[in-house]
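In what follows, a single structure is set out as structure tokens and then discussed.
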Amino acid sequence: MKKIGLFHLILMLVLMISTTAPAANPFAIKLGVVTKPGAAQNIMAEKFKKRVEARSDGAYTVKIFHSASIGNETEILQQIQMGTIHMGVITGGPFDTFDPIVRVINYPFLFKDHDQADRILDGPLGDEILKSLETSGFKGLCFSENGFRNLTNSKRAVTGPDQVKGLKIRVMSSALHKAIWQALGANPTPMPWPIYTELEQGVIDGQENPLWVMEVYKFYEIQKFMTLTRHVYSPHINVASLNWFNGLPAADQTLITEAAVEAARFQRKDNREKNAARLALVREKGMQVADDPDVDAFRKRVAGLKDLDLYQAPRVQDLLIRMLEAVK
Ligand code: EAX
């Protein structure tokens, strides 16, 4: 505690007495991710840690719990709600059981490219989504990225939805992602991260994730075919426990938010810069890549999703309509 000033020390005692999770030191931030060092989430978390610790002059420390050591994404979110964990860098998928508004940003084929995703997620529509999370006990800080998701499998080359038929595809624990792959004719199985063993043992034929996953998790060892479907742009939502965040001094809230926004900007750029090399790597490792699939055919199959119950809550439907308008 060498650098903690008197102000933070007193505040820490006050917060520790008044918070719902009295054992948690509000200045020793616990942050959960399900992925391992080198992963997109971890790059975000590590950058955030550096900035917060440096800017607060040591008043705050950030401990990153990685590789699902404190649970899968659903469990991390539950702990953030309870306030036993302060923060998380979480994929859009598992969020939809906590707040269906998150389905709007995971809508298939929504964003054309990175620039459009940044413009919208960093603008008023993105803010609305972050704000909405407060209803379920989360402070939404900003979006970093997982990236555009691509299909991989061990069975056959896929260039259009016809070849997807019957493939056992692992999906995130998300009603929307399950519905997407059902509409595409696959046999989707929701399961939490990580999934290497299930792929290796053939419990599932395939999965879908951005390019960095191929490299960091070495999926090229166990998946022969990749299709650049880019079917969902997958943001990471940087969230904090709302109670904890609201109990912090305003200046510290600003410091934390700014550190997250800057780290996210760094991480998105870093992730994108590495994609060409990742694609080259998987090819070199022997994966067969379909880089020009029939995206229109995929898109047609999922066109009916917006009419499903998943999007029927009025505020969700309203935002989806405005979002679809904004990306035109
Ligand atoms: O970030 O569960 C998933 O498919 C996520 O995209 C994974 O944690 C990699």
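Just so you know, ligand 1 is whichever comes first in the structure, and atom 1 is the first atom listed for that ligand.
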Which donor-acceptor pairs under 3.5 Å do the side chains of residues 181-203 make with protein atoms, sequence neighbours left out?
from : atom 1 : to   : atom 2 : distance (Å)
W193 : NE1    : Y217 : OH     : 3.3
Y196 : OH     : E221 : OE1    : 2.5

Requested in this report: Please examine the side chains of H114 and F148, heavy atoms only from C-beta on, and report whether any two atoms are closer than 4.5 Å.
Outcome: yes
Requested in this report: Return each pair, listed once, that meets salt bridge (Lys or Arg N to Asp or Glu O under 4.0 Å) where at least one residue sits in residues 172-183; pairs must be two or more places apart or across chains.
Outcome: none
Report each N/O pair between ligand 1 and the protein that falls under 3.5 Å, naming both atoms.
from     : atom 1 : to   : atom 2 : distance (Å)
ligand 1 : 1 (O)  : Q41  : NE2    : 2.8
ligand 1 : 1 (O)  : N146 : ND2    : 3.1
ligand 1 : 2 (O)  : R170 : NH1    : 3.4
ligand 1 : 2 (O)  : R170 : NH2    : 2.9
ligand 1 : 4 (O)  : R149 : NH2    : 2.9
ligand 1 : 4 (O)  : R170 : NH1    : 2.6
ligand 1 : 4 (O)  : N209 : OD1    : 3.4
ligand 1 : 4 (O)  : N209 : ND2    : 3.0
ligand 1 : 6 (O)  : N146 : ND2    : 2.9
ligand 1 : 6 (O)  : R149 : NH1    : 3.2
ligand 1 : 6 (O)  : R149 : NH2    : 3.3
ligand 1 : 6 (O)  : N209 : OD1    : 2.6

Query raised in the report: Do we get K63 above F65's six-membered ring, with its NZ or CZ under 6.0 Å from the centre and within 45° of the axis?
Result: yes
**Report entry** All pairs passing salt bridge (Lys or Arg N to Asp or Glu O under 4.0 Å) where residues 310-325 contributes a residue, at least two apart
**Finding:** D99-R315, E128-R322, D318-R322, E325-K328
**Report entry** Salt-bridge present (D162, R301; N to O < 4.0 Å)
**Finding:** yes
